[in-house]
Amino acid sequence: MFSNERKKAKVMNFSIAYGKTVHGFMKDWNCSEQEAQQTMDAWYADRPEVRAWQKKVKEIAMEKGWT
């Protein structure tokens, strides 16, 4: 049980950091949109610095055309 949860958490950490969406998690985990959204919201609540980093990277990409 714990190895499955650990694997799911590890995949989630990398996936969100690099832009996976609620739709992507719905497809990967075969879950509802609500469940995927709640999981992502909880993840971001614990790591607000990631959202700030993602925003900054997007701004750089728009400005320079690359990251």
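- Checked by atom type, the side-chain pair Y44/E49 shows no donor-acceptor distance below 3.5 Å.
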Test side-chain contact (heavy atoms from CB on, under 4.5 Å) on M26 and T21 and set out the steps.
-> CA-CA 9 Å; M26 288 170 51; T21 64; over 6 Å; no
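- Considering NZ of K8 and CG of N13, their distance stands at 12.5 Å, rounded to 0.5 Å.
- One N or O on the side chain of Q54 and one on the backbone of I16 form a donor-acceptor pair closer than 3.5 Å.
- Closest approach of M40 to K20, counting heavy atoms only: CE-O, 3.5 Å.
- Atom CD of E59 has more than 12 neighbouring heavy atoms from other residues, nucleotides or ligands inside a 6.0 Å radius.
- Within the model, atoms CE of M62 and OG1 of T67 stand 12.5 Å from one another, a figure rounded to the nearest 0.5 Å.
- Enclosure of atom CG in N30 is not indicated, since only 12 or fewer non-hydrogen atoms of other residues, nucleotides or ligands lie within 6.0 angstrom.
- Placement of W29 and W43 within a single hydrophobic cluster is found when ILVMFWY residues are connected by side-chain heavy-atom separations under 4.5 Å, directly or transitively.
- Between the CZ atom of F25 and the CD atom of Q37 there is a distance of 11.0 Å, given to the nearest 0.5 Å.
- Pairing each heavy atom of A17 with each of V50, the nearest pair is CA-CG1, 4.3 Å.
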